[in-house]
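Take a look at the structure below.
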Amino acid sequence: MVTEDDVRRVALSLPETGEKSMYGTPGFYVKARWFARIRDEGDVLVVFCPTEEDKHALIAAQPATFFTEPHYDGHPTVLVRFQAIGVEELSELLTDSWRLRAPKRVLAAFDG
């Protein structure tokens, strides 16, 4: 199980990342592009997937961990339950989401 503090620590460890409010909850941005946010429930994280197909594959493979809601239909984002993941998986999810949203220059420096 992870906490909001774990999400914040891992997200802010990524290059050129900042935190600001998004719909009244913590949102994490690489430059001006958001890559993750904690939902109102406080124990659900929204992250990006490469495609909607990837999102649906995650949900089908691990429905206790990943889910979606109608608001996210048509978007390559997936909801993640805090209680269903550990810090290592959180780090992978946030890094992957960050990589999908980071500007090319920032990503090139990270991969450098």
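Small disclaimer: the values here were computed from a predicted structure and weren't measured. When reading the values below, keep in mind they use all heavy atoms of this one structure, side chains included, and skip hydrogens, waters and symmetry mates.
By the criterion of side-chain heavy atoms lying less than 4.5 angstrom apart, applied directly or through intervening Ile, Leu, Val, Met, Phe, Trp or Tyr residues, V7 is grouped together with L12 in one hydrophobic cluster. Grouping the Ile, Leu, Val, Met, Phe, Trp and Tyr side chains by contacts below 4.5 angstrom, directly or via other members, places M1 apart from V44. F35 and V106 fall within a single hydrophobic cluster, where Ile, Leu, Val, Met, Phe, Trp and Tyr side chains are chained together by heavy-atom contacts under 4.5 Å.
Judged purely by atom type and a 3.5 angstrom limit, T95 uses its side chain to pair as donor or acceptor with the backbone of S91. Side chain of T17 to backbone of L14: a donor-acceptor contact under 3.5 angstrom is found. Without hydrogens or angle criteria, T25 side chain to I38 main chain gives a donor-acceptor distance under 3.5 Å.
With rounding to the nearest 0.5 Å, the separation of NZ in K20 from CZ in F28 is 13.0 Å. One distance of note links CZ of R101 with OH of Y29; it measures 10.0 Å at 0.5 Å rounding. For the atom pair CE of M22 and CZ of R37, the computed distance is 6.0 Å after rounding to the nearest 0.5 Å. Summarising the geometry, atom SG belonging to C49 is positioned 7.5 Å from atom CD1 belonging to I59; distances are rounded to the nearest 0.5 Å. Distance check: R33 CZ to F48 CZ gives 8.0 Å after rounding to the nearest 0.5 Å.
By the 6.0 Å and 45° rule, R81 stacks over the aromatic ring of F67. Taking the centre and axis of the six-membered ring of F66, the NZ or CZ atom of K55 falls outside the cone set by 45° and 6.0 Å.
A salt bridge between R39 and E69 is present, with a side-chain N of the basic residue lying under 4.0 Å from a carboxylate O of the acidic one. Taking 4.0 Å as the cut-off between side-chain N and carboxylate O, R9 and E4 do not count as a salt-bridged pair.
Put simply, the side chain of W34 reaches to within 4.5 Å of the side chain of T77, judged on heavy atoms. Side-chain contact between L93 and W98 is absent, with no heavy-atom pair separated by less than 4.5 Å. Looking at V46 and V78, their side chains never come closer than 4.5 Å, going by heavy atoms from C-beta outward. By the 4.5 Å heavy-atom criterion applied to side chains, T68 and H75 are not counted as neighbours. Counting only heavy atoms from C-beta outward, the side chains of L90 and L45 approach each other to under 4.5 Å. The shortest side-chain heavy-atom distance between P50 and L100 falls under the 4.5 Å cut-off. Residues L94 and V47 form a side-chain contact, since some pair of their non-hydrogen atoms from C-beta on lies under 4.5 Å apart.
Smallest separation of non-hydrogen atoms from A64 and A84: O-CB, 3.6 Å. Minimum interatomic distance between D111 and R99 (heavy atoms only, all atoms of both residues): OD1-NH1, 2.8 Å.
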(request) In sequence, state the C-alpha distance, the side-chain angles, and the governing distance for F82 and T3, and then conclude on side chain to side chain contact (heavy atoms under 4.5 Å, CB included). (result) CA-CA 7 Å; F82 280 18; T3 66; 5.5 Å; no
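A side chain to side chain contact (heavy atoms under 4.5 Å, CB included) with V30 is found for one member of P15, S97, P103 and no other, namely P103.
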